[in-house]
Amino acid sequence: MELCARKDVPVEQTWDLSLIFAEEQQMWEALDRLKAEVKAFAERYAGQLNSAEQIVRCLDDQEKLLPEISRIWQYSGLAVETDYTDNKLRERDEKVSDELTRLHTEMAFVDSEILLAPAGELEAAVKLAKGCRVYLQDLLAKKAHMLSPETEKVLTALGRSLGVPYDVYNTMKLADISFDSFTVDGKEYPLGYSLFEDDYEYEANTELRRKAFRGFYDKLKQYENTTAAAYNACVTQEKTMAELRGFSDVFESLLFEQKVTREMYDRQIDVITERLAPHMRRYARLLQKKHGLDRMTFADLKLPLDPEYDPRVTIEESHRYVREGLSILGEDYVEMVDRAYRERWIDFAKNVGKSTGGFCSGLYRQNSFILLNWNDRMADVFTVAHELGHAGQSMYSDAAQSFYDDDPSMYLIEAPSTMNELLLADHLAKSSADKRFRRWVLSSLVSNTYYHNFVTHLREAWYQREVYRIIDEGGSVNAEILNELFRKNLELFWGDAVEIPEGAERTWMRQPHYYMGLYPYTYSAGLTVATQAMLRIRKEGAPAVADWKRFLASGGSLPPLEMARLAGVDVGTDGPLNATVDYIGSLIDEICELTAELDGIRL
Ligand SMILES: [Zn+2]
């Protein structure tokens, strides 16, 4: 299963970027138009933002320019995501990014000048504002942390350079690193990032799985110092910015934008680490017993409980599953699912140089684009449902909110997506009376949905918090320190239920999220809200669905605490978190019972 080149991928498995611009030429023309518009905008408003009316008019005019910037940025950037080995596309994207950064720099006066306006005018502007009200309020809250207009301009101009650590990481991972093939029983197997993460980690053949693990982590070792240096540059930079902007520490600085308290952040990490561990260790022991493994290692954790049962699925079939699974959300939602398949919003293909994992990128008041690596597995259907959850959020939020208020706080970003995974599982579990199938669905929830968000990303969150603690105290990190921290992290959670083999400590090298601030912990926060809202939908039906749609439509107009309350979930307490851990425990209980019944295996 050698990966093919991008050009050899069947077109129906690719996304259709011509939905943004029919031809590349049109993007360049749009960029030229935009440059003229931004110039006119700056001439009109620079030095003029001293009255409430002018401020609101300026922000409303800016709102018309921003979606176009985003369209151009996505057209160029998304193309690179599907082929990092294509230097032409990368050069083009460099050029486009430079141009767009210049435009942002030209507009940087807006925020700085608004903050210099007389206090009375600012108050009046907030009252007068419609689409830009929350934006203005946020800006005022930021005021204490803003630097002089000149400095802000310099920082905006340096924006691309400040992003270099992440570029280095991605280039190492997607362009430079190349894995050696390995041999099992005389047969040679190729190895690659996506092959390892999407295939070998789930492989039922223990020798094959563990050898792939060995080859993968040994190769990572050759890049650990470069990767650590890039990461250290990133977190050091964040610390510097936190200091410059007068935050008490780097956590306060990073949580500020999310509108999340330190208490909400810490609770997520601490409660899950402590309360979920016993359940997951039990699940690991069940896996070990079911597969008759001599020892249970970190390399075995992604094993499906019942691999022979893992149903193979075609892309076409995935459409039907997702459609049916999400139909509880209503006709408009199903119509969006149909459009996503019909209009090719989704890039399913697997090819050399393509970004790993999956993501969804929405165009304001248009469609979304979804990237994934399709492997014919039921788990991929969950990925499609997940990414369509982001698209669904955009659809409701775009319709109801201004461009400024479109995106929810990072804290809740993964709620709509994980909700869809839960709904799909619920639908599948109900669709058959077969016990083996039921166990397969429940164990998919535990081993994919909850494992991913409550274990993988939460371990990352725990580790990340330790890194920032070091940085906050004026220290720095290198590969040795990061390896040590990650090993401690894994050992703390898995205890004696799971052995952590040499190499697993380099797992920190696999995650791009570390370059995006306090992102990892939000996966479990979103899923906590989704789980509680799903249990409500299961119990109450239509009224809970309506609340969920209000939640989706509120976009970024409310802070996460209030937004979650729209869905009937109070994240101001540890109630939803404890209830969600209990729910995961109940899933594992049932999986154990079913396994006793089906296979006579008891823990
Ligand atoms: Zn997501």
Side-chain angles (χ1 to χ4, degrees), residues 15 74 77-78 81-82 166 194 197-198 258 260 268 272 318 322 325-326 329 333 336-337 340 345-348 354-363 367-375 377-398 406-425 444-445 447-461 464 510-531 533-534 548 551-552 555-556 560 563-564 567 580:
W15 56 26
Q74 296 197 62
L78 291 176
E81 294 289 347
T82 56
Y166 183 46
S194 177
E197 295 191 333
D198 300 331
Q258 297 181 10
V260 168
Q268 206 66 32
I272 295 179
S318 77
V322 172
L326 304 182
L329 294 175
Y333 210 97
M336 182 201 70
V337 172
W345 298 4
I346 309 173
D347 203 88
F348 292 97
K354 180 169 166 176
S355 184
T356 64
F359 66 75
C360 175
S361 183
L363 288 155
N367 65 299
S368 293
F369 287 100
I370 289 168
L371 178 141
L372 51 97
N373 288 268
W374 180 262
N375 287 298
R377 290 195 163 133
M378 200 58 161
D380 301 323
V381 185
F382 280 86
T383 307
V384 175
H386 174 108
E387 300 304 342
L388 282 170
H390 293 302
Q393 157 112 69
S394 297
M395 176 175 71
Y396 291 111
S397 171
D398 285 0
D406 199 32
D407 297 327
S409 159
M410 213 186 228
Y411 186 85
L412 290 172
I413 283 283
E414 296 301 336
S417 48
T418 50
M419 166 61 99
N420 283 5
E421 295 184 45
L422 301 178
L423 291 176
L424 177 63
S444 294
L445 267 187
S447 68
N448 291 317
T449 305
Y450 286 105
Y451 191 91
H452 189 68
N453 298 289
F454 267 61
V455 181
T456 305
H457 290 321
L458 206 275
R459 294 340 300 151
E460 290 162 8
Q464 191 186 35
R510 292 170 53 180
Q511 190 49 264
H513 291 160
Y514 302 130
Y515 299 85
M516 304 166 191
L518 296 178
Y519 189 13
Y521 92 96
T522 64
Y523 279 84
S524 64
L527 182 52
T528 302
V529 173
T531 303
M534 182 278 292
W548 185 247
F551 166 86
L552 295 177
M563 190 172 158
T580 302

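Owing to the predicted nature of the structure, the values given are computational and were not obtained by experimental measurement. Both ligands and their constituent atoms are indexed starting at 1 by order of listing. Residue indices begin at 1 and follow the sequence shown.
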Option from Asn448, Thr383, Thr449 for which side chain to side chain donor-acceptor pair (under 3.5 Å) with Glu421 holds:
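Among Asn448, Thr383, Thr449, the one meeting side chain to side chain donor-acceptor pair (under 3.5 Å) with Glu421 is Thr449.
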Within-4.5 Å side-chain heavy-atom neighbours: Trp15 and Ile370
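No, side chains not in contact.
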Can you find a pair of side-chain heavy atoms, one from Tyr411 and one from Tyr521, that are under 4.5 Å apart?
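Of all side-chain heavy-atom pairs linking Tyr521 with Tyr411, at least one is under 4.5 Å.
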Glu387 near the Zn ion (ligand 1) via N/O/S, less than 2.8 Å:
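No, since none of the N, O or S atoms of Glu387 sits under 2.8 Å from the Zn ion (ligand 1).
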Is Cys360 close enough to the Zn ion (ligand 1) that one of its N, O or S atoms comes in under 2.8 Å?
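No.
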Hey, could you give me the NE2/OG distance between His452 and Ser447, rounded to the nearest 0.5 Å?
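It comes to 12.0 Å.
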Given OE1 of Glu414 on one side and NE2 of His386 on the other, what angle do they make at the Zn ion (ligand 1), to 10°?
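Between OE1 of Glu414 and NE2 of His386, at the Zn ion (ligand 1), the angle is about 90°.
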Looking at the Zn ion (ligand 1), which N/O/S atom of His390 is the nearest one?
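Relative to the Zn ion (ligand 1), the closest nitrogen, oxygen or sulfur of His390 carries the name NE2.
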